[in-house]
Amino acid sequence: MIGIDIEDISRFKDKPEEFYNRIFTGNEISYCLSNKNPAPHFAARFCAKEAVYKALSACGIKISSLKSIEILKKESGAVYVNLPADINKTIHISISHEKEKAIAVAMIEF
């Protein structure tokens, strides 16, 4: 199954802390805020969460909230998905952003 999402980066600029805390984990927030311009990173991770959510939903797997889908980064720079322990699926993810848009694609391996 495949999921995809695209978002305007402007939606993630200058939001209150409560907005980020509702959607992102502490690890995700720390990573995004460590960048000079955090909005593209928040937008890309939001896209990734949505793409994963869509792919899992297509398989009949329910996720309680986007916050339970964590998008992390390896030292190599590659991103990966951390899911709740009861969801045992391998998910491949690709994210990207440019000036105005962020995009992500997720693919569940069977």
Side-chain angles (χ1 to χ4, degrees):
M1 292 294 160
I2 295 174
I4 188 168
D5 193 58
I6 186 168
E7 297 289 338
D8 287 323
I9 290 172
S10 63
R11 290 185 57 211
F12 296 87
K13 289 181 181 174
D14 304 320
K15 294 291 185 186
E17 187 177 328
E18 298 80 36
F19 173 82
Y20 298 121
N21 286 328
R22 192 173 45 244
I23 299 168
F24 301 100
T25 67
N27 290 330
E28 292 168 322
I29 293 169
S30 293
Y31 169 76
C32 293
L33 292 178
S34 74
N35 290 278
K36 184 177 177 180
N37 183 7
H41 301 278
F42 279 119
R45 271 146 192 78
F46 182 82
C47 287
K49 290 170 174 276
E50 281 284 319
V52 169
Y53 181 87
K54 291 172 183 177
L56 289 171
S57 294
C59 295
I61 299 170
K62 302 291 182 206
I63 295 290
S64 60
S65 74
L66 289 181
K67 195 169 183 173
S68 65
I69 300 168
E70 188 174 37
I71 309 301
L72 300 172
K73 194 171 187 178
K74 297 178 183 179
E75 282 189 33
S76 67
V79 292
Y80 66 98
V81 180
N82 187 27
L83 294 171
D86 62 329
I87 299 175
N88 190 17
K89 296 286 182 192
T90 300
I91 299 179
H92 303 279
I93 189 90
S94 180
I95 66 175
S96 188
H97 54 81
E98 51 85 47
K99 282 188 202 176
E100 298 179 11
K101 301 282 185 187
I103 191 168
V105 176
M107 183 180 76
I108 297 177
E109 186 176 307
F110 284 94

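These values consider heavy atoms only, across backbone and side chains, with no hydrogens, waters or symmetry-generated copies.
- Residues S10 and E100 are not in side-chain contact: their nearest non-hydrogen atoms beyond the backbone lie 4.5 Å or more apart.
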Quick one: do I4 and I103 satisfy side chain to side chain contact (heavy atoms under 4.5 Å, CB included)? Show the steps, please. CA-CA 7 Å; I4 188 168; I103 191 168; 4.2 Å; yes

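- The existence of a salt bridge linking K67 and E28 is excluded, since no basic side-chain nitrogen approaches an acidic carboxylate oxygen closer than 4.0 Å.
- Considering only heavy atoms from C-beta on, L56 comes within 4.5 Å of I108 through its side chain.
- Taking the side chain as every heavy atom from C-beta outward, I91 and E109 never approach each other to under 4.5 Å.
- Ring planes of H41 and H97: perpendicular class, angle over 60° (limits at 30 and 60°).
- Using a 4.5 Å heavy-atom cutoff, the side chains of L33 and F42 are in contact.
- With hydrogens and angles left out, the side-chain atoms of K73 and Y31 include a donor and acceptor closer than 3.5 Å.
- Using a 4.0 Å cut-off between charged side-chain N and carboxylate O, R22 and E18 make no salt bridge.
- Residues T25 and N82 are not in side-chain contact: their nearest non-hydrogen atoms beyond the backbone lie 4.5 Å or more apart.
- Side-chain atoms of K49 never come within 3.5 Å of backbone atoms of A44 as a donor-acceptor pair (strictly under, hydrogens ignored).
- Using bins of under 30°, 30° to 60° and over 60° for the plane-to-plane angle, the ring pair F46/F12 lands in the tilted bin.
- Within the 4.5 Å cutoff, the side chain of E50 has heavy atoms near those of the L66 side chain.
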Is there a side chain to side chain contact (heavy atoms under 4.5 Å, CB included) between K89 and I61? Walk through the geometry before answering. CA-CA 10 Å; K89 296 286 182 192; I61 299 170; 3.7 Å; yes

Stepwise side chain to side chain contact (heavy atoms under 4.5 Å, CB included) test for V81 and I69: CA-CA 7 Å; V81 180; I69 300 168; 4.1 Å; yes

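- For I2, the side-chain contact (heavy atoms from CB on, under 4.5 Å) partners are V105, M107, not counting sequence neighbours.
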